[in-house]
Amino acid sequence: MKLKNAYFYTLREDARDEDSISGNLLVKAGYIKKTSAGVYMMLPLGLAVQNKIENIIRRHMNETGAQEVKMPALIAAEYYEESGRMKGFGPSIFKLKDRNDKDMVLGPTHEELFAYAAKSMIKSYKNMPFNLYQFQTKFRDEPRARFGLVRVKEFVMKDAYSFDADEKGLHESYMKMFNAYKKSFDEMGINYRIVKADTGVMGGLLSEEFQAIAPLGEDTVIYCDDCDYSSNLEVAKTVRGEKHEKKDPLPMQEVETPHCESIEAVAKYLHIDMKDTVKALLMNVDGEFVVFFINGERELNESKVLKLLKASEISFADDALIATSNAVPGYCGPIGLNCKVVIDEEVLEMSNFCCGANKKGFHCINVNPSDIRYDVCGDIVNAKEGDLCPNCGKPLKFTKGIEVGNTFKLGTKYSKAMGLQYADVENKLQDVWMGSYGIGLGRTMAAIVEQNHDEKGIIWPENIAPYKYIILIMSSKDETQNKVANDLYDKLTDKGVEVILDDRDERPGVKFNDAELIGIPYRITVGKKAGEGIVEFKARTAEAAEELSIEELLKKIGVE
RNA sequence: CGGGAUAUAGCGCAGUUUGGUAGCGCGCUUGAAUGGGGUUCAAGAGGUCUCGGGUUCGAAUCCCGAUAUUCCGACCA
């Protein structure tokens, strides 16, 4: 690409409406351009990067024997009605009608269509296993688009689907994909961790996420340095590091706590430790009013709650729902409460604790587990700093991650829903075992930028960079420099080397800054010594440039 | 959806409180100088002040409504 006659621009100032480093840099460097909230254009440089990522993944997919296909994005709603996910996705699915008033959707993910495609292929156990994949645009009406390409409403995903006769086969197919994912992300130079995760709207038996480590990550990744344990916070088992001291129960007592509607205020007012308090959360679980009691220092983990109660939705209860019980917001306690009560298992270990008295302006102290009535007890809180590894008991570490890939053992959930069956050896009909595997391309691009940048701009890893080299002409009016640079450009291009020639009539400073902003790995500067056949070579990450003859340069690049 | 902020030239912003000729920086065009880190000088072009109503002699400015963007809380590649 020669910049003088190319679609190429950079911005001098930060984008006002970008809230992440990667989003800002990609916009500023002219890789992407926002058209509306959560929808971006991929400009030439952006598409070049996306293609790099795509090709790495494609190669590793093909190595496993998977076959590439392309499903439509416009899909009759009936497929999602059949699987029950029209409801599952709720408002996140883009719905529309065709001219005959037929309900259509823009596909948010494609399990249904792949199961439908598999039906044509699968008659008996002899037709499996196989694996299909695609690179395809997904549409999800996210409640809140943010962080540049990290959370958007339209994005390209590589999604793969495996089909096996039994669980053992699924496991083998799963491991193939899992390893291909590892190879792909390793090749891209991403710093990531693989964690156990919630299966969420996908359902199924197992979900593992590939989390790119980055401070702006939306997920909390928990891991242990002493063993290989790692997990998403949403499913990590809580193993408390600090045990509660068992004390002899004292008589329960009601105390006045005026204007103390938060547990912090109560603890402060009564001069007690937060860890000796129990707080209440008044929630709406699938329309039912449920009160949760957990240690005052903990946070409720909604994924665990949904799993424990086999429910599908949870939110804070509104006043009308609260009014169906005798709960007093701000002073809610488990004693005498006439609604469903769920407690965290930690509460049973506590003694002489403090909680709401269910009476405005009052809390109880010296409450003990024997004083309270509950319907369900389980692990319903988030692990936190100081907690221990469920595997080996060493202290856990916490970090933030961007989920760039996800693998699911779906089991027979979708084949059951879609009637995908096969005849086994005894000619009995059996459900097909499916797996599904996704990688977000734009999100991967964003994660790479989050992990590879400095104050000057992006620093692409070589495998991902849109171009590997950029040639800068220092003085655009100097004939010798122009000739040397153009000859070099032609030679490299002929050899298939990806190179940009900055032949614009700009000052050197502009060219240096742009080259650094767009993050090309290697810079070749053609300047004053061009007449002697000498140019400069500098890696984006190097401190200083080195002078090389053209011959030495070509040798270094490996074309001669 | 709940709550806060913003919308003025390609980009980033002032002007709105107190109504009275549409502004600044960067970028862009032309010319000149310069040519190794966003250079300098000179002359220019560019706006339906988000949209729709209203008040007023007069509205970017005041009032009402809509839309969009964005930030803080529940989903996912």
Side-chain angles (χ1 to χ4, degrees), chain A residues 9-19 23 27-28 30 33-39 53 57 88-93 108-110 135-147 149-160 181 197-202 207 209-212 217-219 232 234 283-284 300 302-303 306 312-316 318 401-408 436-447 456 472-478 481 505-517 523 525-530 535-536 538 545:
Chain A
Y9 69 87
T10 57
L11 303 177
R12 293 208 174 186
E13 285 174 88
D14 289 340
R16 191 181 61 134
D17 56 356
E18 288 298 337
D19 53 354
V27 167
K28 211 172 152 186
K33 179 178 168 73
K34 188 186 293 200
T35 63
S36 64
V39 186
I53 294 170
I57 299 168
F89 277 106
S92 295
I93 197 162
T109 170
H110 283 74
F135 291 91
Q136 224 263 6
T137 305
K138 308 293 183 201
F139 298 86
R140 293 183 192 175
D141 197 357
E142 293 286 343
R144 191 168 159 214
R146 60 178 157 178
F147 300 147
L149 295 180
V150 172
R151 181 172 292 278
V152 290
K153 297 195 179 208
E154 177 185 325
F155 60 97
V156 177
M157 189 202 284
K158 188 292 300 173
D159 45 328
Y181 272 35
D198 191 26
T199 50
V201 69
M202 304 292 291
S207 165
E209 296 171 339
F210 289 71
Q211 293 277 359
E218 298 178 285
D219 292 303
N232 192 313
E234 62 187 9
M283 309 299 286
N284 174 344
L300 187 70
E302 300 188 356
S303 297
L306 292 179
S312 62
E313 258 179 78
I314 182 166
S315 60
F316 287 109
D318 57 23
I402 299 170
E403 184 193 351
V404 290
N406 201 332
T407 52
F408 293 92
S436 90
Y437 317 89
I439 296 178
L441 301 196
R443 191 177 268 189
T444 300
M445 190 190 303
K456 290 173 175 167
L472 306 188
I473 303 173
M474 285 297 95
S475 177
S476 58
K477 295 214 167 49
D478 184 302
Q481 291 184 22
D505 183 16
E506 291 287 353
R507 305 269 307 182
V510 173
K511 297 187 179 185
F512 286 133
N513 281 314
D514 277 346
E516 279 152 359
L517 176 61
R523 185 179 85 193
T525 308
V526 178
K528 289 191 184 99
K529 293 187 178 171
V535 298
E536 278 168 31
K538 180 184 173 297

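Below, chain A is the first sequence line, B the second, and so on; all start at residue 1.
- Looking at residues two or more places apart in sequence or on another chain, you find a side chain to side chain contact (heavy atoms under 4.5 Å, CB included) between A/Asn513 and A/Glu516.
- The residue A/Thr525 sits close to a base: some heavy atom pair falls under 4.0 Å.
- Distances from the side chain of A/Arg140 to the nucleotides B/rG36, B/rC76, B/rC75 place B/rC76 closest.
- A/Phe408 meets the ring pair (Phe, Tyr, Trp, His ring centres under 6.0 Å) test with no other residue; sequence neighbours excluded.
- Judged by ring centres under 5.5 Å apart and planes tilted less than 30 degrees, A/Phe512 fails to stack against the six-membered base ring of B/rG36.
- With sequence neighbours excluded, the residues that form a side chain to side chain contact (heavy atoms under 4.5 Å, CB included) with A/Val526 are A/Ile471, A/Gln481, A/Val484, A/Ala485, A/Ala530, A/Val535.
- Counting non-hydrogen atoms under 4.0 angstrom, A/Lys158 reaches nothing in the nucleic acid.
- Partners of A/Ser303 under the side-chain hydrogen bond (donor to acceptor under 3.5 Å, both in side chains) rule, at least two apart in sequence or in another chain, do not exist in this structure.
- Under the rule for a side chain to side chain contact (heavy atoms under 4.5 Å, CB included), the partners of A/Lys33 that lie at least two apart in sequence or sit in another chain are A/Tyr9, A/Met41, A/Leu43.
- Under the rule for a side-chain hydrogen bond (donor to acceptor under 3.5 Å, both in side chains), A/Arg443 has no partner lying at least two apart in sequence or in another chain.
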So which protein N/O to nucleotides 41-52 of chain B N/O distances come out below 3.5 Å?
none

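- For A/Ile93, the side chain to side chain contact (heavy atoms under 4.5 Å, CB included) test picks out A/Tyr80, A/Met86, A/Phe89, A/Lys95, A/Val105, A/Pro108, with sequence neighbours left out.
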Please list, pair by pair, any protein nitrogen or oxygen found under 3.5 Å from a nitrogen or oxygen in nucleotides 7-14 of chain B.
| unit_1 | atom_1 | unit_2 | atom_2 | d |
| --- | --- | --- | --- | --- |
| B/rG12 | O2' | A/Glu13 | OE1 | 3.3 |
| B/rC13 | OP2 | A/Arg16 | NE | 3.1 |

